[in-house]
Amino acid sequence: MANCPNCGDHVAEALAAAPMAVCPSCDTTLYRLDGRLLSAGTAGEMHDAPLLFGLGDRIRVAGRWHEAVGHARFAYSTGWWDEFWVEDAEGDGRWVSIDEGDVVSQKPLETPPVARVPRRVGAIVSFGEGYRVTEIDEGRCIALRGRFPERLAVGDTYDYVNCMASNGELLSGETHAGETEWFLGQWLDPFELEIERA
Amino acid sequence: MTTEVRAINCPACGAGQTIHGGGRVQTHVCPYCGSALDALDDFRVLARYTDMIRPQTPLKPGDTGTIRGVAFTVIGLIRWVESYGGKQWRWVDHQVFSPTHGYGWITVEDSGHWSFTRKLRVYPRQWLTPDMVERADDRPHLWIGGERMTYYETSDARIDYLEGAFNWVPRLGDRATSITLVGQGRMVTISGFDDDTEREVEETRLLTREEQESFGVAPQPHGPHPLAVRPRWRHHGFVTAVAAGFFLLTALFGLAFGNGDGTPLAGTGRIPVSDLPVELEFETAPSIRLVKLQLYTDVSNGWAWFDMELEDEAGEAVLSGGREISYYSGRDSDGRWTEGSQRGSVVFPVDSPERYTLSVEMSEYGSGQASDQLTSSVVDIRVGGLRFSWRPLAGTAGVFLLIFLATQAAEFLRRGQIMAGSDWTEED
């Protein structure tokens, strides 16, 4: 049994056990430290907007059904995009980001590129067959819901770079607090994506 | 994403207008004064396009409809002109937007058909460029998304009208080169043919009647379109494969087991006709269903009638009948001619296993219509056992072959209709 340190409401085990979660009662972000749930502040306003799928929905990615268990929203120069943390029945997860019909499924890279993060659109990242930088921007976390495999906080900013290979694979680098994480994945077709509503 | 529908006054002419189209809009072209505004920089004026003539089109920015169950809004329109060999083609693309499914295009074709084009994120392993098309000896193909796409045309078009919002920065007079390939019910257009240009793959499908009507316009197609050709028969692949498979199977089976004279059961060898009548005894194995009797006689410019009777082991006649063999030859003004044959055969069913006696007699003969002259001197009689007759098997193979050919011919004609407007010629 775990309780929200802000409102005292019961927090489901799945949420309480996650590295980071949002209290469904008061929208406080929670994280676990030394076995205790701690508050990390507000989870932000998740304004209603048309979404391809939402928290609790199931989508079929890479031949397996995944449930959307975490929903983060990031603002950037021309609006916002949504990131969902989805998990399959075995708890294996991946990120699915959605921005106006552009849908990408990515997993963290265990052996990321050793080169420095490129700073120019059009540059080639020497990784695998080579990835061309298509976008460089900054995203700021503006809202969180559900649970996540890592700590996120509203207000955190991320410098990101998107790079595409000739076969359509998307390599993304996200830099936050001096640390860069790399993710690799594929585009998903919003018209073909199988979705089961919660 | 942004859910904002922005309203602005054009900084050039002051006209109020609505910017549809989400957060990816980069340019908005004022429909009143033709000013191209930078949507990413407080709508400052990028360029002014005067003297543009608005095309006749049933859609305008702000119109909404449903495509594949998804609501789309028209946000901008752009007219393209392509010139080749003294001819000009014009068409209008309408950029549409859905907050969940992104951006696409509705194109109103000259033929009255409406199509929907959207970006695909599926990239072929091989790429195709206009130079490669020029050098190709055969019509080029690409595999895209597991489907073999066939080259249709190369387009080099320029923009001659702009209005509304776009998720890119089109400029009046800009040119775009693309290659279009056609597959099953869809066309794929590829662009980006040098190292500095992003490769793009777009898919085009015709809108259904319901989809077009959802935009408030009744469909009025009045000309051909490669995607308006009836779709491939959905059983085409299955029927073709089954027909070809059964044809080969029956043909091979027939060649292996049905052809030839069967298992030899009895024979006289070459004997004088004076030895007739003869009796041949033979025994049929359990697998034998038919017996083939083959007759040869050296009859020349005459005929011979052979009576046959088959008796079983009990002496019961199970079959009786006859067979005429006639053969004529000569030479006339057209050269040498022959008619008839010195060989003949009879196939009849038998029970197996069984012991039979076959008696053969040459009861009548003659030369021409009236003479009773004997024109043959020897006869050769052979009896062979068959498991089945090749004739019904050949008939079955023929039916399968016809089905196969008819299916392929229908598909060939259909492909011809699709490719009727292609710019590919075998001389290319």
Side-chain angles (χ1 to χ4, degrees), chain A residues 45-54 57 59 71 73-83 97-106 120-124 129-135 137 139 142-143 162-170 185-193 195 197, chain B residues 1-6 19-27 38-41 66-73 75 95-104 116-127 143-146 165 167 186 190 192 194-203 205:
Chain A
E45 277 295 315
M46 189 76 79
H47 294 290
D48 282 342
L51 278 171
L52 197 59
F53 60 87
D57 290 345
I59 61 169
H71 179 191
R73 182 168 287 172
F74 294 85
Y76 71 125
S77 57
T78 60
W80 76 74
W81 84 88
D82 294 282
E83 294 263 2
S97 59
I98 303 178
D99 186 12
E100 291 183 341
D102 284 344
V103 189
V104 182
S105 156
Q106 288 181 307
R120 181 176 61 85
V121 171
I124 302 293
E129 293 181 7
Y131 292 77
R132 184 184 293 273
V133 177
T134 56
E135 186 181 12
D137 208 334
I142 57 173
N162 286 330
C163 323
M164 249 179 69
S166 59
N167 63 2
E169 274 189 336
L170 188 73
Q186 294 282 354
W187 297 92
L188 304 177
D189 188 331
F191 281 95
E192 307 297 336
L193 186 63
I195 301 170
R197 304 290 176 194
Chain B
M1 176 189 285
T2 174
T3 53
E4 271 181 78
V5 174
R6 291 167 282 182
I19 314 293
H20 304 276
R24 300 279 181 87
V25 168
Q26 294 190 32
T27 309
D38 187 346
L40 302 178
D41 189 7
T66 303
I67 300 171
R68 295 179 71 174
V70 178
F72 278 90
T73 303
I75 65 170
Q95 179 139 53
V96 294
F97 169 70
S98 151
T100 54
H101 289 67
Y103 295 85
F116 176 60
T117 300
R118 67 191 182 95
K119 191 172 183 174
L120 288 185
R121 298 291 192 171
V122 178
Y123 298 87
R125 284 189 179 277
Q126 303 290 327
W127 198 243
W143 284 90
I144 298 175
N167 67 340
R186 65 173 185 158
I190 62 172
D194 55 56
D195 292 341
D196 299 327
T197 315
E198 185 185 350
R199 290 180 174 182
E200 291 201 359
V201 180
E202 294 180 313
E203 178 192 81
R205 292 179 187 271

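Basis for what follows: all heavy atoms, side chains included, without hydrogens, waters or symmetry-related copies. The chains referred to below are lettered A, B, ... by the order of the sequence lines, with proteins before strands, and numbering in each begins at 1.
Residue R118(B) touches chain A through its side chain alone, counting heavy-atom pairs closer than 4.5 Å. Contact annotation for V25(B): neither backbone nor side-chain heavy atoms come within less than 4.5 Å of a heavy atom of chain A. Using a 4.5 Å cut-off between heavy atoms, D102(A) contacts chain B through its side chain alone, with no backbone atom that close. Proximity to chain B is absent for every atom of E169(A), based on heavy atoms less than 4.5 angstrom apart.
Annotation: E129(A), atom CD; neighbour count of heavy atoms from other residues, nucleotides and ligands within 6.0 Å does not exceed 12. More than 12 heavy-atom neighbours from other residues, nucleotides or ligands sit within 6.0 angstrom of CD on E135(A). Heavy atoms of other residues, nucleotides or ligands lying less than 6.0 angstrom from CZ of R197(A) number more than 12.
Considering all non-hydrogen atoms of both residues, F191(A) and I67(B) come closest at CE2-O, 4.1 Å. Residues L120(B) and D189(A) approach most closely at CD2-OD2, 4.1 Å, considering heavy atoms. Of all non-hydrogen atoms in P190(A) and T100(B), the two that sit nearest each other are CB-O, 4.3 Å.
In this structure, CZ on R121(B) lies 11.0 Å from CG on L188(A), to the nearest 0.5 angstrom. Summarising the geometry, atom NZ belonging to K119(B) is positioned 7.0 Å from atom CH2 belonging to W187(A); distances are rounded to the nearest 0.5 Å.
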